[in-house]
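Structure first, commentary second.
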Amino acid sequence: ETGVTQSPTHLIKTRGQQVTLRCSSQSGHNTVSWYQQALGQGPQFIFQYYREEENGRGNFPPRFSGLQFPNYSSELNVNALELDDSALYLCASSLDNTDTQYFGPGTRLTVL
Amino acid sequence: GIQVEQSPPDLILQEGANSTLRCNFSDSVNNLQWFHQNPWGQLINLFYIPSGTKQNGRLSATTVATERYSLLYISSSQTTDSGVYFCAVNRDDKIIFGKGTRLHILP
């Protein structure tokens, strides 16, 4: 059974650019959640996708958007990057939208 | 929105000691999970525990949903237990994490 994977591992962008982060969910899981974790803080919920539909969103602006594909993998897109977007981005998959979450290793984004 | 508070924020213990970490939440929740984040940033699921008590080796957890708190017990601590422990609650299709308890286990 393959766990949750994320790509890329690290990424450096400049302010104003756009970025796409990818997440492959654990086999059999239909729900993916995305989080932003700034240094020294707890993860902040961005949004959740359940069966390809957005199913809950945290307090993030519309320039944070996402997709979930028919195979339940997911993308997080961030437009017009700002310096404060520098963080560890985590995705988690679960069997459904109320079940145990399993996290990927994260993508560390640096915005210069 | 719902508030999640964890205590203590930091804890330093000698190897072999026991510890209790607490998570308080301000409103009813659909579920609650405990996680351990290792020094490399990987979040490991410890317990899915919306209510009741569960045990897994040296770790156990209890959630008293009616009183809006959960406790994580670590017995006979090992240096590999070091890291940050988070609780996270699910309510209204949002998942809220606490700020974590940073645990240092000294050899």
Side-chain angles (χ1 to χ4, degrees), chain A residues 1 3-6 8-11 21 23 25-26 29 31-51 53-60 64 66 86-110, chain B residues 1-10 21-25 28-52 54 56 59 61 63 65 70 72 83-104:
Chain A
E1 185 178 275
V4 180
T5 60
Q6 292 186 243
T9 308
H10 295 87
L11 200 53
L21 309 182
C23 173
S25 57
Q26 192 163 313
H29 289 188
T31 302
V32 172
S33 304
W34 285 93
Y35 298 85
Q36 180 194 69
Q37 187 177 21
L39 206 59
Q41 304 294 316
Q44 299 292 311
F45 175 64
I46 303 175
F47 43 56
Q48 182 184 79
Y49 278 84
Y50 171 62
R51 295 183 181 273
E53 299 278 336
E54 188 177 289
N55 178 53
R57 189 180 180 94
N59 296 326
F60 280 81
F64 286 78
S86 295
L88 180 67
Y89 287 85
L90 296 160
C91 83
S93 75
S94 51
L95 211 52
D96 64 38
N97 60 351
T98 60
D99 201 10
T100 304
Q101 294 190 78
Y102 295 90
F103 279 81
T107 293
R108 189 162 297 281
L109 173 66
T110 302
Chain B
I2 191 168
Q3 303 297 314
V4 179
E5 294 182 358
Q6 291 187 242
S7 60
D10 292 280
L21 281 57
R22 187 176 180 102
C23 173
N24 292 335
F25 41 98
S28 61
V29 298
N30 300 116
N31 61 52
L32 184 145
Q33 285 190 256
W34 282 97
F35 295 93
H36 175 218
Q37 189 166 40
N38 65 24
W40 298 272
Q42 177 72 53
L43 273 162
I44 308 296
N45 174 59
L46 298 176
F47 294 103
Y48 174 88
I49 185 164
S51 64
K54 291 186 177 180
N56 184 3
L59 273 60
T63 297
S70 183
L72 177 69
V84 184
Y85 290 81
F86 290 103
C87 72
V89 302
N90 185 325
R91 179 181 165 93
D92 297 334
D93 294 327
K94 293 185 180 179
I95 300 117
I96 312 298
F97 275 72
K99 293 185 177 180
T101 291
R102 186 171 297 276
L103 179 63
H104 302 268

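Throughout, protein chains are lettered first and strands after them, A, B, ... in sequence-line order, and every chain is numbered starting at 1.
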B/Gln33 and A/Thr100, any side-chain heavy atoms less than 4.5 Å apart: yes

Among the listed options A/Ser33, A/Gly104, A/Gly58, A/Gly106, the residue most often paired with chain B at heavy-atom distances under 4.5 Å: A/Gly104

Need one label for A/Tyr50: side chain, backbone, both or neither, based on atoms under 4.5 Å from any heavy atom in chain B. neither

OG of A/Ser94 to CG of B/Asn31: how many Å apart, nearest 0.5 Å? 9.0 Å

Looking at A/Asn59, I'd like to know if its CG atom is crowded, meaning that more than 12 non-hydrogen atoms belonging to other residues, nucleotides or ligands lie closer than 6.0 Å. no

Can you check whether A/Phe103's main-chain N or O pairs, donor with acceptor, with B/Gln42's side chain at less than 3.5 Å? yes

Chain B heavy atoms under 4.5 Å from A/Arg108: which part of the residue, side chain, backbone, both or neither? neither

Does any heavy atom of chain B fall under 4.5 Å from the side chain of A/Gln37, the backbone, both, or neither of them? side chain

Does a sphere of radius 6.0 Å around CD in B/Glu5 hold more than 12 heavy atoms from other residues, nucleotides or ligands, not counting ones at 6.0 Å or beyond? no

Is chain A contacted by the side chain of B/Phe35, its backbone, both, or neither, given a heavy-atom distance below 4.5 Å? side chain

Quick check on B/Asn90 against chain A: is it the side chain, the backbone, both or neither that has a heavy atom closer than 4.5 Å? side chain

Minimum heavy-atom separation for A/Asp99 and B/Tyr48, please, with both atom names. C-CE1, 3.8 Å

Exercise: identify the closest heavy-atom pair between A/Pro43 and B/Leu43: CG-CD1, 4.0 Å

Heavy-atom distances under 4.5 Å only: say whether B/Gln37 touches chain A with side chain, backbone, both or neither. side chain

Interface residue of largest heavy-atom contact number with chain A, from B/Gln6, B/Lys94, B/Lys99, under 4.5 Å: B/Lys94

